[in-house]
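So you know, we letter chains A, B, ... as the sequences are listed, proteins then strands, and number each from 1.
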There are 2 protein chains.
Amino acid sequence: MIRISTKTQYGLRAMVYLAKNKKKTCSLKEISKAEKIPFDYLEKIVSRIEKSGLIESKRGSHGGYFLARSPSKVKTGEIVRVLEGREGLVSCIADKNGRKRNCPLSKKCLTKKFWLRIQNSLEKALNSITLANLIAK
Amino acid sequence: MIRISTKTQYGLRAMVYLAKNKKKTCSLKEISKAEKIPFDYLEKIVSRIEKSGLIESKRGSHGGYFLARSPSKVKTGEIVRVLEGREGLVSCIADKNGRKRNCPLSKKCLTKKFWLRIQNSLEKALNSITLANLIAK
DNA sequence: TTAAAACCGACTATTATTGTCGGTTTTAGT
DNA sequence: ACTAAAACCGACAATAATAGTCGGTTTTAA
């Protein structure tokens, strides 16, 4: 089966943690311990998410991270998109620096529309679930 | 976005080619040329598909490959599963030599069920489309 | 002033992907 | 029987992506 990178899994876990603790700012140390994610790697991941605007940070002592919006306003699809990077389930679908290896068939290719359809269905699934849904159960 | 490997893309294209030419046996040379897939790589891919039983081969001169079933009986999900290998969208979901890196949280993890849900939705999409559907349009 | 935190860029190790190569075996046609 | 075309096979190699590490700088509350 197609794999989700552990980066994305870590990232989602971190986001869920922030959603569960949305009253306070959470330090990387805290998240890293609670979720058993390597500290330095987590930093890179969270910094990436922060740049996307999904979370915000407070620097200095007693600093940390917190959600930029309420958990019910954060779709899991947004998180996955930020961390998985590249656009397109297959390389011949659009680019946004997922690098488009131009398929030599393009026009005639019967599979392109198919992959597009799968991609849409996947995105639909991801966008139908929010962080609030995840912490609800 | 999550990526489908080019191996799987090649494999699907090859299968579509066989579906379009289901009257005859098609040689790798022929498929490779028509679909612009590196010959040696294609061989590896097709050999893998053959072992799964989705296609059959005839050896020797005038040999080649052909579908083991009618295109309407071959779900795209089967092809993807064979080529993508590993089970589970995330590593903590089952193993079948996708190698399970055991998640230290397991029980408490709120995200596992989520990934499972996404995986199901993806499989459903893939299993709802057959080779016949692809060549129909 | 100090300690705890975010922030940053470069580096490294490991693994997966995408091929390539050199050969063997099988088979139809001559 | 010989030849050419094909499948079949295992090992190798190059590249890219992933996962993780490291050494520092900057900011801020106490």
Could you check which of [options] has an atom nearest any side-chain atom of [X]?
{"X": "B/Tyr65", "options": "C/dA5, D/dC9, D/dA7", "value": "D/dA7"}
{"X": "A/Leu28", "options": "C/dC8, C/dA6, D/dT21", "value": "C/dA6"}
{"X": "A/Arg59", "options": "D/dT26, C/dC21, D/dA7", "value": "D/dT26"}
{"X": "B/Lys7", "options": "D/dC9, D/dA19, C/dT18", "value": "C/dT18"}
{"X": "B/Ser61", "options": "D/dC8, D/dT21, C/dT27", "value": "C/dT27"}

Indicate whether OP1 or OP2 belonging to [N] is found under 4.0 Å from a side-chain N or O atom of [X].
{"X": "A/Tyr41", "N": "D/dC22", "result": "no"}
{"X": "A/Thr6", "N": "D/dA19", "result": "yes"}
{"X": "A/Tyr10", "N": "D/dA19", "result": "no"}
{"X": "B/Lys58", "N": "C/dT25", "result": "no"}

Less than 4.5 Å apart, any side-chain heavy atom of [X] and any of [Y]?
{"X": "B/Ser121", "Y": "B/Gln119", "answer": "no"}
{"X": "A/Val82", "Y": "A/Arg48", "answer": "yes"}
{"X": "B/Ile79", "Y": "B/Leu131", "answer": "yes"}
{"X": "B/Leu12", "Y": "B/Tyr17", "answer": "no"}
{"X": "B/Leu67", "Y": "B/Leu54", "answer": "no"}

- Task: Would you mind telling me which residue lines up with the more 5' stretch of DNA chain C, B/His62 or A/Lys51, judged by nearest nucleotide?
- Result: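 The residue whose closest nucleotide sits nearer the 5' end is A/Lys51.
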
Would you indicate what [X] reaches in the nucleic acid, counting non-hydrogen atoms under 4.0 angstrom: base, sugar-phosphate, or nothing?
{"X": "B/Lys44", "answer": "base"}
{"X": "A/Gly63", "answer": "sugar-phosphate"}
{"X": "B/Ser47", "answer": "nothing"}
{"X": "B/Glu50", "answer": "sugar-phosphate"}

- Does one side chain, of A/Gln9 or B/Thr111, offer a donor that lies under 3.5 Å from an acceptor on the other? no

What is the separation between atom [atom1] on [X] and atom [atom2] on [N], rounded to the nearest whole Å?
{"X": "A/Leu83", "N": "D/dT18", "atom1": "CG", "atom2": "P", "answer": "11 Å"}
{"X": "A/Phe39", "N": "C/dA4", "atom1": "CZ", "atom2": "P", "answer": "12 Å"}
{"X": "A/Arg48", "N": "D/dA19", "atom1": "CZ", "atom2": "C1'", "answer": "14 Å"}
{"X": "B/Ile49", "N": "D/dC8", "atom1": "CD1", "atom2": "C1'", "answer": "15 Å"}
{"X": "B/Leu42", "N": "D/dA6", "atom1": "CG", "atom2": "P", "answer": "13 Å"}
{"X": "B/Glu84", "N": "C/dT18", "atom1": "CD", "atom2": "C1'", "answer": "13 Å"}
{"X": "B/Glu43", "N": "C/dC21", "atom1": "CD", "atom2": "C1'", "answer": "11 Å"}
{"X": "B/Asp40", "N": "D/dA7", "atom1": "CG", "atom2": "P", "answer": "12 Å"}

- Task: Please figure out whether A/Ser5 or A/Gly60 has its closest DNA chain D nucleotide nearer the 5' end.
- Result: A/Ser5

